[in-house]
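First comes the structure, then the notes that go with it.
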2 protein chains.
Amino acid sequence: MPRARTTETADRIRSAALELIAAKGVHQVSLREIAERVGVTKPALYYHFASREELVRSLVQPFIDDVEAVLAPFGPGADARQLLGAYFDVTYRHRDITAMIMREPGILALVDLAAAVGQWRTRMVSMLAGPDPSLAEVVRVQMAIGGLGDCTVVLPGAAGPELREAVLDAVCDLLLIPGPAREP
Amino acid sequence: MPRARTTETADRIRSAALELIAAKGVHQVSLREIAERVGVTKPALYYHFASREELVRSLVQPFIDDVEAVLAPFGPGADARQLLGAYFDVTYRHRDITAMIMREPGILALVDLAAAVGQWRTRMVSMLAGPDPSLAEVVRVQMAIGGLGDCTVVLPGAAGPELREAVLDAVCDLLLIPGPAREP
DNA sequence: GTCTATAACCGGATAGAC
DNA sequence: GTCTATCCGGTTATAGAC
């Protein structure tokens, strides 16, 4: 098994980068630092990532892709609990990335991905609040989406499934949606 | 006369910087290049200017200051020909800087001077178009200010005084102001 | 005190050898 | 895939000439 673990180093670079960025901020971390932590040299990074930007993008991209895949099957009038449940799951799965983005939203602009994120938020709003929502409705949906993401990050102690249910209950209340078959 | 020419080197740096920036753009010029052209080393630049930004600012600042000094005496209802004449003069005096700014307006943002410039343009508009001007009036004044600046730069061949009169005549027409005592 | 230079460090990025 | 070496740009420390 010599060449099977091709991406191993790249992965280690990614995770080192993630840790350091989480600790110090994107602009405060140099490629040298990242390389050192991985135990390689700067140029080695450049073998795996053409630039600093590309490295950061490679951190965020899988999350973006995953969200888009999860959102794809849903359409207008989607069941809120289902849609937001799926969104919770994907957010939770990538909670390290979610946390990074929440700490420094500027990252998205940096790697030219802000538009994508804005788009799926808008899509979710239109699916959940209808085609011509009032401001109040939009606000509630945006709060729901944002708050849901926050919880996956801010409450890392909570086990996934419990957190999931608690968040979805709260979000449905926020959206004035009666919970489904909850026994008293 | 030992210490009289204190700022000489700083001036040479400024003028070298100005030339190179005019030729290649602000962001395309390195301090090394500037230093070389002056015949000193990079660190020598740093003695005179704390940073790249400060160097650029020192290029622009005298112009800003001069404009503000010139504008100060004027108030609401100022005579347009007089005000614009004074503004022409100051623009013409600093036409090298004016040209640089026109080529790359971003420079102002870079050195945090965009606000200042915006302000005196607004001031001139309110002085010349009154407190509650129509859009049409504002447009004419802004065109006058901008066009006047352009002429000092675009027509470097023309001698100052002739250019001045020609520009002022044109500007007064633009502002629908009858020229003062012009014989037929 | 004014001015300048040498040398060095940091960060990003690339070439080329192993 | 990884390194050594190198370049560039910005910046600073230090030392020293005038």
Side-chain angles (χ1 to χ4, degrees), chain A residues 1-61 100 104 106-107 109-113, chain B residues 1-61 100 104 106-107 109-113:
Chain A
M1 52 295 256
R3 72 253 173 272
R5 51 186 66 134
T6 297
T7 59
E8 194 212 340
T9 304
D11 284 344
R12 283 171 53 220
I13 291 171
R14 261 188 287 264
S15 77
L18 196 52
E19 282 177 47
L20 286 168
I21 288 173
K24 311 179 46 177
V26 208
H27 302 293
Q28 280 61 58
V29 177
S30 70
L31 299 186
R32 209 183 98 279
E33 256 177 302
I34 298 171
E36 264 168 21
R37 166 168 299 215
V38 177
V40 296
T41 55
K42 258 200 294 176
L45 287 196
Y46 276 87
Y47 173 79
H48 295 284
F49 304 95
S51 71
R52 174 196 185 74
E53 216 184 298
E54 194 179 298
L55 169 56
V56 175
R57 180 177 289 114
S58 89
L59 254 33
V60 179
Q61 195 68 57
M100 180 179 93
E104 298 181 83
I107 291 177
L110 187 70
V111 296
D112 223 68
L113 250 30
Chain B
M1 52 292 263
R3 72 251 172 276
R5 50 184 68 132
T6 298
T7 58
E8 194 213 337
T9 303
D11 283 344
R12 282 172 53 219
I13 292 171
R14 262 190 286 266
S15 77
L18 195 52
E19 281 177 46
L20 286 167
I21 288 173
K24 310 180 47 177
V26 208
H27 302 293
Q28 280 62 58
V29 177
S30 72
L31 298 187
R32 210 182 97 278
E33 257 176 300
I34 298 171
E36 265 169 20
R37 166 170 296 218
V38 177
V40 297
T41 56
K42 257 202 295 178
L45 288 194
Y46 276 88
Y47 173 79
H48 297 282
F49 305 96
S51 71
R52 174 195 186 75
E53 215 185 297
E54 196 181 295
L55 169 56
V56 175
R57 180 176 289 112
S58 89
L59 254 32
V60 179
Q61 195 69 56
M100 181 179 93
E104 295 182 86
I107 290 179
L110 186 71
V111 296
D112 223 68
L113 250 28

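In what follows, every chain begins at residue 1, and chains take the letters A, B, ... in the order their sequences are listed. Values below: all heavy atoms of this structure, side chains included; hydrogens, waters and symmetry mates excluded.
Residue pairs satisfying the side chain to side chain donor-acceptor pair (under 3.5 Å) criterion with at least one member in residues 15-24 of chain A, sequence neighbours excluded, are listed as follows: Glu19(A)-Arg37(A), Lys24(A)-Glu33(A).
Spacing between atom NZ of Lys24(A) and atom C1' of dG11(C) amounts to 12 Å, rounded to whole angstrom units. Arg32(B) places its CZ atom 17 Å from the C1' atom of dA8(C), with the value rounded to the nearest Å. Computed from coordinates, the Phe49(B) CZ to dT4(C) C1' distance equals 15 Å when rounded to whole Å. Between the CD atom of Glu33(A) and the P atom of dC9(C) there is a distance of 17 Å, rounded to whole Å. Summarising the geometry, the separation between CG on Leu55(B) and P on dT11(D) is reported as 11 Å, rounded to the nearest angstrom. Glu54(B) places its CD atom 15 Å from the P atom of dG10(D), with the value rounded to the nearest Å.
For the residue pair Val111(B) and Val56(B), the shortest heavy atom distance occurs at CG1-CG1, 3.6 Å. Contact detail for Arg14(B) and Phe49(B): the closest heavy-atom pair is NH1-CE2, 3.5 Å.
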Protein-nucleic acid N or O pairs under 3.5 Å, nucleotides 13-15 of chain C:
from	atom 1	to	atom 2	distance (Å)
dA13(C)	OP2	Tyr46(A)	OH	2.5
dA13(C)	OP2	Arg52(A)	N	3.4
dA13(C)	O5'	Tyr46(A)	OH	3.2

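Closest approach to the Thr41(A) side chain among dC3(D), dG11(C), dG10(D) is made by dC3(D) (side chain taken as heavy atoms from C-beta onward). When the nucleotides dG1(D), dG12(C), dA5(C) are ranked by their closest atom to the side chain of Val40(B), dA5(C) comes out on top. Across dG10(D), dT4(C), dC3(D), the shortest atom-to-atom separation from the side chain of Tyr47(B) is found for dT4(C).
With sequence neighbours excluded, the residues forming a side chain to side chain donor-acceptor pair (under 3.5 Å) with Glu53(A) are Arg57(A), listed by chain and number.
Put simply, the side chain of Leu110(B) does not reach to within 4.5 Å of the side chain of Glu104(B), judged on heavy atoms.
Checked options Leu55(A), Leu31(A), Leu18(A), Thr7(A); the residue passing with Ile13(A) is Leu55(A) (criterion: side-chain contact (heavy atoms from CB on, under 4.5 Å)).
Contact check, His48(A) against dT2(D): a side-chain N or O comes under 4.0 Å of OP1 or OP2.
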